Amino acid sequence: MSPAIRIGPLVFPTELAILIAAALVGLLAARLFNRQREDAARLSTVLWRTLVIGLLAARIAFVWQYRDHYLPDPIKMLDLRDGGWVGLAGLAAAWVYAIAAVIRHRAPRVALLGALALASVAWLGGGRWLAASPQPQPELAALAVQNVDGAPAALSAFQGKPTVINLWASWCPPCRREMPAFAAAQAANPDVNFVFLNQAEAPRDVTKFLDEHAPGLQNVLIDPAGEASRKFSNRGLPATLFLDAQGRLVDLRVGELSTASLAQRLESIRAAE
């Protein structure tokens with residue numbers, strides 16, 4: 001399945017689309033289950049509070065788990081663009097709040113719990129579909145890439161270790177924002193291959209950016225045709241592929257990563273070995 005959904009100039013990660021779909025399933029189910037129309041406003045209020053509480057709990061659980069990455073700059077805890085959250089913690093918090101609301105008679109029991117149950121099934125089922133088992137990706141070896149000096153290169157050279165391939169461009173603001181996190185991760189994790197695959201920029205522009213903003217970055221390659229972003233992220237940038245030591249695609253993140261969400265995904269490709 002595609003890890004991103006493109007609507008005009010906007011690109012949405014698929015996991016966000018699944019969350020939105022699950023919320024819509026819950027709201028629709030609440031309307032169908034609620035036969036006491038006079039409680040509709042109260043039911044809607046409780047459902048929206050349940051969603052907000054679940055999202056907050058999921059974010060707080062993630063921040064706590066990776067707190068060492070946030071302590072140097074706590075304001076980054078509020079930056080949700082990295083997609084860092086613990087879904088099961090949020091789901092548990094949502095159920096606790098919903099059950100408390102039923103006990104206190106703040107919402108119809110059947111409508112609220114039925115809606116939350118269907119939303120949970122939609123989210124868990126979508127997540128299982130999204131998190132399919134690692135798949136071989138022979139397309140990577142077929143990509144025509146080159147070094148920044150124009151010499152031919154091959155992604156097949158990066159084998160035998162977990163590998164992170166970041167698709168980026170110098171004109172992309174989130175690509176520029178996440179680059180320090182990748183540079184630090186590359187220096188701190190010699191057991192992982194980090195490859196920075198620029199998408200369709202001229203070598204001189206790539207070299208200028210690296211000299212000014214990331215002089216120590218290694219394994220920088222250029223995909224002159226931007227083929228990788230077309231195949232793997234529906235042209236969304238930045239995008240990052242996470243492969244295990246056998247070259248299987250374990251995860252793909254479309255959108256900006258922080259040091260914490262990058263650390264989370266590094267754990268996943270190490271665990272897949």
Side-chain angles (χ1 to χ4, degrees), residues 3-4 13-16 58-74 76-77 79-90 127-128 130-137 140 155-168 172 174-199 210 213-214 216-221 228-229 232-233 236-273:
T14 307
E15 60 265 27
L16 176 60
R59 179 62 177 179
I60 290 170
F62 177 82
V63 169
W64 176 254
Q65 184 176 351
Y66 294 95
R67 55 193 178 278
D68 291 343
H69 293 273
Y70 291 103
L71 289 177
D73 190 4
K76 290 185 178 179
M77 297 179 186
D79 190 351
L80 304 180
R81 292 173 297 186
D82 65 359
W85 63 316
V86 180
L88 290 179
R128 183 175 292 274
L130 181 65
S133 58
Q135 298 292 323
Q137 295 295 323
L140 285 172
L155 289 172
S156 59
F158 302 95
Q159 294 181 345
K161 296 195 296 186
T163 300
V164 178
I165 302 177
N166 179 243
L167 311 182
W168 68 285
C172 163
C175 300
R176 298 166 70 100
R177 286 195 301 266
E178 72 177 1
M179 195 61 75
F182 277 103
Q186 185 179 58
N189 296 276
D191 60 320
V192 178
N193 290 320
F194 285 84
V195 183
F196 301 92
L197 189 56
N198 180 272
Q199 295 298 288
L210 295 174
H213 301 285
L217 212 62
Q218 301 177 22
N219 302 331
V220 179
L221 303 177
S229 62
F232 297 106
S233 66
L237 291 179
T240 309
L241 290 75
F242 295 87
L243 296 90
D244 65 14
Q246 287 73 46
R248 299 173 300 178
L249 185 64
V250 175
D251 194 5
L252 194 157
R253 162 70 179 172
V254 179
E256 187 175 346
L257 286 162
S258 65
T259 58
S261 52
L262 178 55
Q264 180 190 42
R265 285 164 170 80
L266 290 178
E267 291 176 3
S268 70
I269 58 175
R270 287 190 175 105
E273 294 186 59

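Just so it is clear, the values below take in all heavy atoms, side chains as well, and ignore hydrogens, waters and symmetry mates. Everything quoted here is computed from the prediction, not taken from an experiment.
- The closest donor-acceptor contact from the side chain of Asn189 to the backbone of Asp191 lies at 3.5 Å or more, if one exists at all.
- A side-chain donor-acceptor contact under 3.5 Å links Gln199 to the backbone of Ser229.
- Across all non-hydrogen atoms, the minimal contact from Leu252 to Phe232 is CD1-O, 3.4 Å.
- Shown here for His69 and Ala263, the closest heavy-atom pair between the two residues is NE2-CB, 3.6 Å.
- Ring centers of Phe62 and Tyr66: under 6.0 Å apart, within the cut-off.
- Looking at heavy atoms from C-beta onward, Val86 lies in side-chain contact with Gln65 at the 4.5 angstrom threshold.
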(request) Evaluate side chain to side chain contact (heavy atoms under 4.5 Å, CB included) for Leu80 paired with Arg59, printing each intermediate quantity in order. (result) CA-CA 8 Å; Leu80 304 180; Arg59 179 62 177 179; 3.6 Å; yes
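- The two residues Lys76 and Tyr70 have their closest heavy-atom pair at O-CE2, 3.6 Å.
- Tested against Gln186, the residues Leu217, Asn193, Val195 include a single side chain to side chain contact (heavy atoms under 4.5 Å, CB included) partner, Leu217.
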(message) The test is side chain to side chain contact (heavy atoms under 4.5 Å, CB included); show your working for Met179 and Trp168 and say whether it passes.
(response) CA-CA 9 Å; Met179 195 61 75; Trp168 68 285; 3.9 Å; yes
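- Residues Val192 and Lys161 fail the side-chain proximity criterion, which asks for heavy atoms closer than 4.5 Å.
- Note: Phe194 and Phe196 have parallel aromatic rings, judged against thresholds of 30 and 60 degrees for the angle between ring planes.
- The two residues Gly255 and Glu178 come nearest to each other via the heavy atoms O-OE1, 3.9 Å.
- Contact check for Val220 versus Leu210: side-chain heavy atoms found under the 4.5 Å cut-off.
- In this structure, a donor-acceptor pair under 3.5 Å is present between the side chains of Thr240 and Asn166.
- In terms of heavy atoms, Ser258 sits closest to Ala181 at C-CB, 4.3 Å.
- When all heavy atoms of Val254 and Ser233 are compared, the closest pair comes out as CG2-CB, 3.9 Å.
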